[in-house]
Amino acid sequence: MSHPVSLSRDSDIGVIRINYPPVNALGHGVREGLQNCLREALADDDIKAVVVIGEGKTFPAGADIREFGKPPQQPVLPAVIDEYEASDKPVIAAIHGTALGGGLEVALGCDYRVALDSARLGLPEVKLGLLPGAGGTQRLPRLVGAQKALEMIVGGNPIKAAEARELGLVDEVVSGDLLEGALAFARKLVADGAPLRKISELDVPGDTSAELFDHFEQSIARKQRGFKAPFSCIKAVKAAVELPYDKGVERERELFFKLMVSSESAAQRHVFFAEREVAKVPGLDKDTPKREIKQAAVIGAGTMGGGIAMNFANAGIAVKILEVKEEALEKGIALIRKNYENTAKKGRISQEQVEQRMALIQPTLSYDDLSDVDLVIEAVFENMDVKKAVFSELDRVCKPGAILATNTSTLDVNRIASFTNRPEDVMGMHFFSPANVMKLLENVRGEKTSDEVIATVMDLSRRIGKVGVLVGVCHGFVGNRMLHKRQAEAIQLVNEGASPEQVDKVLFDLGFPMGPFAMSDLAGMDVGYRIREELRKEDPDNAPPRNWTDELVEAGRLGQKTQAGVFDYKEGDRTPVPSPDVDGIIEQYRSDNGIAPREISDQEILERCMYVMVNEGARILEEGIAARPLDVDVIWIYGYGFPVYRGGVLFWADQVGVKTIHDKINEIYQQTGSDVWKPAKLLSELAEQGKGFYR
Ligand code: CAA
């Protein structure tokens, strides 16, 4: 490969071009090239100013994350950027695409910045469990003030070129040809004899008070619970206002290196790559042809159906939404509008966008209206007979080549496919509630689903803003199958003597957004109850035995929606409050079943709730329901709020130690003889070989 960085001349302006696809990340070769080209340009008396620009789709989008964790290779990025800042000729960064992380830090080492109007600029290191480690935390506040720098560095979200211009982060925004714009800007600087601008020499403008930092920290404390990086970012920016530049940089480095070796950052980097890796399905040729999806449809205008339809409208794809009863259809459409209006009220979309999106959603009462759709997703009641009726209709009306998907969360996709004459076009698309918010999409491949359909649905997932993970057919697929095991264990722990609030607290403290019982209250206790009752009818031998949660449902305690479930809720308040009534029902259950409650430690709760999931995850891998451990991890992060800084259930298991987990599982199996606790074959093998899921 030719050298990734080159220097050329355009009359008296030197042009340094970075060409290192896909995102011009600042890997070793790029850093070396940037250094050499700058030195060459400075040594050339005919060059009066230097423009730095990225080839392809972007200005560098950051340090090369693949180099993290490996021994650093000279020159390191901060040193390269310092050389740019020390240049005695003006250096202008010409920015397009996404100038992120180390990329933006390079631009901050330049004297001036010119950006294309479509460019975005940001310091997203916090999302990798890091902080900008190449001077970003010291230079950015000197340009935009402490408040804005905190927002950008701690929030990690990029801003648009126009806002960057307003903040003074960018000196000029151009449209059309970026290089031409940057060259013209450089020539004017030379002609005007404009001064060099070394950001490190500036003072931080605006409010730099200690209160500003205290308030900021308080404002993020709840949302960033468990993360390390956001709090280190605040400390680093504070150093920019409290210390001279050189000392501030030292503080930044110190904080950066601590984060770099932290388990949180390792986990977050793992998630970054895992999220991209899930799109690459093993065994599926990446050149598999994909079908065009221009017109979608959703069957069912309930909360789920409406949420699913919104994803398509948000992505600019026309979507029909079908209900059999006019009243239900109107109610569903009104709910969608209300959701959009609420988003508009929060300023996240404009009223015009509300109307554009609503215009893409076409209500219908007739299956015959679906004859032209490219994809249809069924989101009706979880009952096989109902699914049969829907899929027979779809098979009748849909054109050949249309993809017929089901949003079922537990039912057998192969059976659903068998209700049609085109099982190769049928697959599961399991959205998570609320479907317009949750990023996970479990795409379920049936026995006969064609590669073309799989490739199309995986691609479509990304188009509609989801992280699509391909899974196989089994009860509950990957996520709910593991969840059900955890839920059963949580219930069993309460049977034995734990309180629901103790169980919830242990999992909340691990980093889950809520514990298992608060979660079932949120989802509605009747959902699980109905599934259990169905199983008790269909397969009594394998159905879960009755437990105290069945009694709660039968007593009308359905969860948040009735202000009473496992916990009590005050009107308009989602905070779970322990309920004396529920304690009574639990005590009664224990005494009816001859259980003498015992003291249960938090450690036992953690082990039993988590290890049972690890064991099930291993079985899921063994059976090929998920292709790789990373597929399981991505499902838990995006579908159930597993803490990103722990990297997913199986990544977490590796950190605890697979052998430790295996031995505990085996111990419980010996004590209980319960099948659930029989160590998965894969787990035993890994433990024996001293391996982990990833290591
Ligand atoms: N290093 C290495 N590889 C990277 C990368 C990086 N910084 N950023 C993206 N890539 C890779 C991706 O892994 C992906 O590779 P594959 O095609 O092999 O899967 C490829 O580039 C394309 O990425 P996306 O699929 O994400 O493409 P996109 O167009 O949707 O998004 C992007 C592009 C906005 C740049 C996005 O990739 C992104 O957000 N990247 C991360 C940016 C980032 O976090 N930068 C900070 C790095 S840390 C740092 O810079 C520390 C420091 O201060 C010294």
Side-chain angles (χ1 to χ4, degrees), residues 271 274-284 296 298 300 303-305 307-308 311-312 375-380 382 387 403-417 426-449 451 453-487 519 523 527-528 531 613 616-621 623-642 648-650:
V271 174
E275 181 185 330
R276 282 155 182 81
E277 211 52 36
V278 286
K280 299 167 196 160
V281 176
L284 185 73
V298 178
T303 319
M304 201 62 184
I308 295 173
N311 290 304
F312 287 92
L375 163 97
V376 51
I377 302 172
E378 160 280 308
V380 301
E382 283 287 81
K387 306 279 181 194
I403 296 176
L404 312 183
T406 168
N407 177 51
T408 183
S409 55
T410 47
L411 299 178
D412 182 345
V413 174
N414 291 328
R415 250 185 96 190
I416 294 177
V426 177
M427 89 179 261
M429 286 177 78
H430 178 214
F431 289 79
F432 285 67
S433 187
N436 52 318
V437 179
M438 297 298 286
K439 277 186 82 178
L440 178 65
L441 187 49
E442 269 183 334
N443 291 325
V444 191
R445 105 196 281 168
E447 250 163 34
K448 297 190 177 150
T449 313
D451 281 0
V453 169
I454 294 172
T456 306
V457 169
M458 290 299 286
D459 188 59
L460 178 70
S461 308
R462 192 169 163 140
R463 246 177 99 198
I464 61 171
K466 300 290 175 200
V467 179
V469 184
L470 190 67
V471 301
V473 176
C474 66
H475 188 79
F477 314 124
V478 173
N480 283 345
R481 175 167 159 184
M482 289 165 73
L483 180 76
H484 291 160
K485 294 286 182 290
R486 186 190 77 175
Q487 199 70 18
M519 189 175 171
V527 181
I531 295 171
M613 288 207 292
E616 200 61 23
R619 285 187 188 150
I620 282 169
L621 289 172
E623 292 167 24
I625 298 295
R628 299 153 294 187
L630 63 89
D631 294 287
V632 176
D633 281 345
V634 168
I635 286 174
W636 270 85
I637 282 173
Y638 289 108
Y640 302 86
F642 188 86
V649 174
L650 301 182

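Numbers here simply count residues along the sequence, with the first being 1. Since this is a predicted model, take the numbers as computed values, not measurements.
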Heavy-atom closest contact (Val471 atom, Ile635 atom, distance): CG1-CD1, 3.7 Å

Close side-chain approach of Met429 and Leu460, heavy atoms under 4.5 Å: yes

Main-chain N/O of Thr456 paired to Asp459 side chain as donor or acceptor, under 3.5 Å: no

Close side-chain approach of Leu284 to Ile454, heavy-atom, < 4.5 Å: yes

Donor-acceptor contact below 3.5 Å, side chain Asn414 vs main chain Gly446: no

Heavy atoms from other residues, nucleotides or ligands near CD of Glu623 exceed 12 (cutoff 6.0 Å): yes

Flag, side chain of Lys466 to backbone of Met438, donor-acceptor distance under 3.5 Å: yes

Side chain Asp633, main chain Val649, donor-acceptor under 3.5 Å: yes

Atom CZ of Arg276: over 12 foreign heavy atoms under 6.0 Å: yes

Min side-chain heavy-atom separation Val376-Ile403 under 4.5 Å: no

Residue pair Ile637 / Gly648: nearest heavy atoms and the distance that separates them: CD1-N, 3.6 Å

Val278 and Leu630, any side-chain heavy atoms less than 4.5 Å apart: yes

Atom pair CZ/CE of Phe477 and Met482 - distance to nearest 0.5 Å: 15.5 Å

Ala435 versus Asn311, closest heavy-atom pair with distance: O-ND2, 2.9 Å

Minimum heavy-atom distance between His430 and Ser409, given as atom pair plus value: NE2-CB, 3.1 Å

Exercise: identify the closest heavy-atom pair between Arg445 and Asp451: NH2-OD1, 4.1 Å

Interatomic spacing from CE in Met427 to CG in Leu375 - rounded to 0.5 Å: 10.0 Å

Whether Glu378 side chain and Val380 backbone form a donor-acceptor pair below 3.5 Å: yes

Side chain Asn407, main chain Phe431, donor-acceptor under 3.5 Å: yes

Residues Arg486 and Glu616 bridged, charged N to O under 4.0 Å: no

Expected output: side-chain Thr410 to main-chain His475 donor-acceptor under 3.5 Å: no

Exam field: side chain Thr406 to backbone Thr408, donor-acceptor pair closer than 3.5 Å: yes

Among Tyr638, Phe642, Trp636, ring pair (Phe, Tyr, Trp, His ring centres under 6.0 Å) partner for Tyr640: Trp636

Any Leu441 side-chain heavy atom under 4.5 Å of Val467 side chain: no

Heavy-atom pair of closest approach, residues Val478 and Ile625: CG2-CG2, 3.9 Å

